[in-house]
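A short worksheet on the structure shown next.
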Amino acid sequence: MDKPTNKNFITNIIDNDNNTNKFSGRVHTRFPPEPNGYLHIGHAKSICLNFEIANLYNGVCNLRFDDTNPEKENIEYIEAIKKDIEWLGYEWNSMHYSSDYFEKIYKYALSLIENNFAYVDSSSPEVIKKERGTLTEPGTNSKDRDRTIEENIKLFNEMKEGNFSDGEYVLRLKINMLSPNINMRDPVIYRIKKFEHHRTGNDWCIYPMYDFTHCISDAIENITHSLCTLEFEDHRDLYDWIIEKINHENKPQQIEFSRLALEHNMMSKRKLSELVEKKYVSGWDDPRMPTISGMRRRGFTSSSIKDFCSRIGITKKNSSIEMGVLENTIREELNLSAKRVMGVLDPLKIIITNYPDNEKEEILAANNPNDKDSGQRNISISKNIYIDRDDFMEFPEKKYFRLSPGKEVRLRHAFNIVCDKVIKDNDGKIIELECSFDPVSRDMKKGNKVKGMIHWVDANNCTDAIINIYDRLFKEPNPSDLESFNEKSLVIKKDAKLEKNIAINNYSARYQFERVGYFIRDNKTSNETIIYNKIVSLKDSWKKINK
RNA sequence: UGGGCCGUGGCGAAGCGGUUAACGCAUCGGGUUUUGAUCCCGACACUCGUAGGUUCGAUCCCUACCGGCCCAGCCA
């Protein structure tokens, strides 16, 4: 399943860098999550990109937690993030925290002040905002812009010592308030935050901001290609400015690519956490969530996620991927690897009237007809069976060739039956079918040729289960708010019946319920309740005709 | 409106001055198959946002226009 990394505009840049010997042929990337939430499929795109590019060029990739905002970050996320990356199957070269560099970053800030490239500003956030100008109007210089170097050093040290309260002072770069790029209008690079940091505790009360931290961290770690998403394009000027001014021997280059958008999903941590907090879903690992942990619980394999990432490509174009692409990757893999079993989601009881009482027979069936090495299983059948309600129609539509009154269908792996009688309760609901079978059709060459083939389970020999059927999280392809939440994204089948062969204690086994889809045991369930999650349906051209 | 970036079939995506404009998903035909699955085979952009220009020749270069995304956190 691991395919060679596709070429893209970034590998073109790297090839070119290698030709000009820009980094002496070195390729060193990094994946820099902020530990403020769980990783999602969009992060997987970035993880695959960074690690695969490193692999492709015999380079390495670091993991770096970008933890410069203690108010938002949390140690709990760190382990979850590491677990997800490991689960995807990637090994980082070394693991770092931006906070490991606080001392160095502080020294760099000091040297910028000494060279008159930074100053301490006592302006309020409102004033700074106002002086920054707008998209069309230039900014104006702060009253503190010409503070002396000595005074700046003294104040910056006092900031560090905790002599001021939050917001009283900030450190700003002295670049150009007239720049058409707002990021260059004397950006704030340090703020006072008397907040305990998850790693450095109370060592610091000033914290560097992203723009100042990220490029310096990249330089320190000897990163060559710093890959990030499109919204940072405007920050590249600043990135380069800082790298130049701190005079570090390593000059990493930032390259931006477009974020992943997946139809019927949302990819922002804020929106996803809102789904969790407002209980739309059961948690970050709800199988409907586009989080790595959710998809893992849903039954996606890491190889299918990597395959998906390689299929969607890397460009600078804003794009939105159809769910079909994702679904196809997991179907394709599971078709080859999943054992087959029969499962009835909405049971409808059938009595095979001419089948002898108290008898049963065993039938041999392939575990996976597409994999000859997968062996066979034994299925039992007796007088009472269940079929899916979907597979019976009292008044069949045109082209419906499953069971209906007087019609003959084949029970998969077994024999043909004819529906003789429909039994209803007082409300007119169908509760049972009486059918008769044709013993000769056990040999399918001898029985009548029938178009319909349905699955079933032996009512006297099956396992009760609850099955979670998942559908798209949002109704609209490109939802903008939670209004679009699909309340039918989870449908619970409470009295499903499964073929006994299913290994209920194997939580990682993925099965194809023949004619239905792929399923995995929910890993959060106890042994008393057997719960399976639907990973993805089989393609269904009947549903297409029928709609 | 200032700046940055992007526009190739329904959705993605190759293509880097001469190609029959790859490939994947989707779709539509047909075949195999007693999973309406899989598999196989075939179809699916005289045209690359539009208009000009350069060139013997442009999806690739230039200009203008049109459309879309991003930026005015002491978030990342």
Side-chain angles (χ1 to χ4, degrees), chain A residues 6-8 12 32-34 36 66-69 71-73 121 123-125 128-130 132-139 166-172 179-185 187-193 206-207 209-211 213-214 228-237 256 258-259 263 269 310-329 331-332 335-336 340 342 368-370 399-402 409-413 416 441 444-445 447 449-455 477 512-517 537-546:
Chain A
N6 302 123
K7 285 288 179 177
N8 54 53
N12 289 160
E34 182 186 13
N36 69 342
D66 209 348
D67 56 350
T68 58
N69 187 352
E71 285 176 306
K72 291 191 173 171
E73 293 142 12
D121 197 337
S123 305
S124 67
I128 289 179
K129 183 182 166 75
K130 198 171 170 197
R132 188 150 34 221
T134 68
L135 296 179
T136 50
E137 301 157 56
D166 288 14
E168 220 175 319
Y169 287 95
V170 291
L171 183 68
R172 292 228 258 169
S179 173
N181 181 346
I182 293 178
N183 294 295
M184 299 299 269
R185 318 235 262 231
V188 172
I189 57 166
Y190 262 96
R191 72 287 215 195
I192 299 169
K193 245 185 220 290
I206 54 170
Y207 292 95
M209 295 194 48
Y210 167 84
D211 282 311
T213 308
H214 205 91
C228 63
T229 42
L230 249 30
E231 67 271 29
F232 292 102
E233 277 176 318
D234 290 338
H235 296 240
R236 193 175 57 243
D237 271 357
E256 312 85 14
S258 58
R259 275 174 179 280
E263 290 192 345
K269 282 184 193 168
S310 91
R311 287 179 195 220
I312 59 179
I314 299 291
T315 65
K316 290 174 82 84
K317 187 165 62 175
N318 289 113
S319 58
S320 190
I321 310 293
E322 292 173 342
M323 283 293 277
V325 181
L326 214 210
E327 292 169 352
N328 180 262
T329 60
R331 263 193 214 113
E332 205 170 273
N335 176 44
L336 299 174
R340 265 115 250 230
M342 290 193 284
N368 183 341
N370 294 334
K399 286 206 165 175
Y400 182 84
F401 42 83
R402 276 111 97 153
V409 292
R410 184 166 187 84
L411 296 179
R412 178 142 171 91
H413 304 298
N416 296 359
S441 68
M444 65 179 171
K445 289 184 191 82
K449 275 246 183 309
V450 292
K451 259 200 260 176
M453 151 101 90
I454 63 175
H455 58 276
Q512 183 195 104
F513 291 1
E514 299 195 66
R515 302 208 313 130
V516 181
S537 302
L538 251 35
K539 279 191 201 159
D540 186 352
S541 57
W542 162 246
K543 203 158 90 190
K544 233 166 11 194
I545 296 166
N546 189 238

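Reminder, nothing fancy here: chain letters follow the sequence lines and each chain counts from 1. All values reported here derive from a predicted model rather than from experimental measurement.
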Residue mapping more 5' on RNA chain B - nearest nucleotide basis, A:Ile312 or A:Asn370: A:Ile312
Nearest-Å distance once atom C1' is located in both B:rA45 and B:rC40: 26 Å
Touch class at under 4.0 angstrom, heavy-atom based, for A:Arg132 against every strand present: sugar-phosphate
Non-neighbouring partners of A:Arg191 that pass salt bridge (charged side-chain N to carboxylate O under 4.0 Å, His left out), sequence neighbours left out: none
Involving RNA chain B, stems made of at least three consecutive Watson-Crick or G-U pairs, both distances under 3.5 Å: B:2-7 with B:66-71, B:10-12 with B:23-25, B:27-31 with B:39-43, B:49-53 with B:61-65
Residues that A:Arg410 engages under salt bridge (charged side-chain N to carboxylate O under 4.0 Å, His left out), provided they are two or more places apart: none
Aromatic centroids of A:Tyr400 and A:Trp542 separated by under 6.0 Å: yes
Residue pair A:Asn370 / A:Asn335, side-chain donor-acceptor N/O under 3.5 Å: yes
Sugar-phosphate, base or nothing in reach of A:Ser123, heavy atoms under 4.0 Å: base
Whichever of A:Asn416 and A:Lys129 has its nearest RNA chain B nucleotide further upstream toward 5': A:Asn416
What does the list of N/O pairs under 3.5 Å between the protein and nucleotides 27-33 of chain B look like, with a distance for each?
unit_1: B:rU27; atom_1: OP1; unit_2: A:Lys544; atom_2: NZ; d: 2.9

Anti or syn - B:rC46, cut at 90° from 0: syn
Under 5.5 Å and under 30°: A:Tyr210 stacked on B:rA76: no
Sugar-phosphate only, base, or nothing, as touched by A:Ile206 at under 4.0 Å among non-hydrogen atoms: nothing
Each nucleotide N or O in nucleotides 9-11 of chain B that has a protein N or O under 3.5 Å away: list the pair and distance.
unit_1: B:rG10; atom_1: N2; unit_2: A:Glu322; atom_2: OE1; d: 3.2
unit_1: B:rC11; atom_1: O4'; unit_2: A:Glu322; atom_2: OE2; d: 2.9
unit_1: B:rC11; atom_1: O3'; unit_2: A:Ser320; atom_2: O; d: 3.3
unit_1: B:rC11; atom_1: O2'; unit_2: A:Ser320; atom_2: O; d: 3.0

Ring geometry between A:His235 and A:Phe232 (parallel below 30°, tilted from 30 to 60°, perpendicular above 60°): perpendicular
Polar atom pairs between nucleotides 15-18 of chain B and protein, under 3.5 Å, N or O only, would you list them?
unit_1: B:rC16; atom_1: N4; unit_2: A:Asn12; atom_2: OD1; d: 2.8

Touch class at under 4.0 angstrom, heavy-atom based, for A:Phe401 against every strand present: base
Touch class at under 4.0 angstrom, heavy-atom based, for A:Ile454 against every strand present: nothing
Phosphate contact (B:rA76 OP1 or OP2) by A:Arg191 side-chain N/O below 4.0 Å: yes
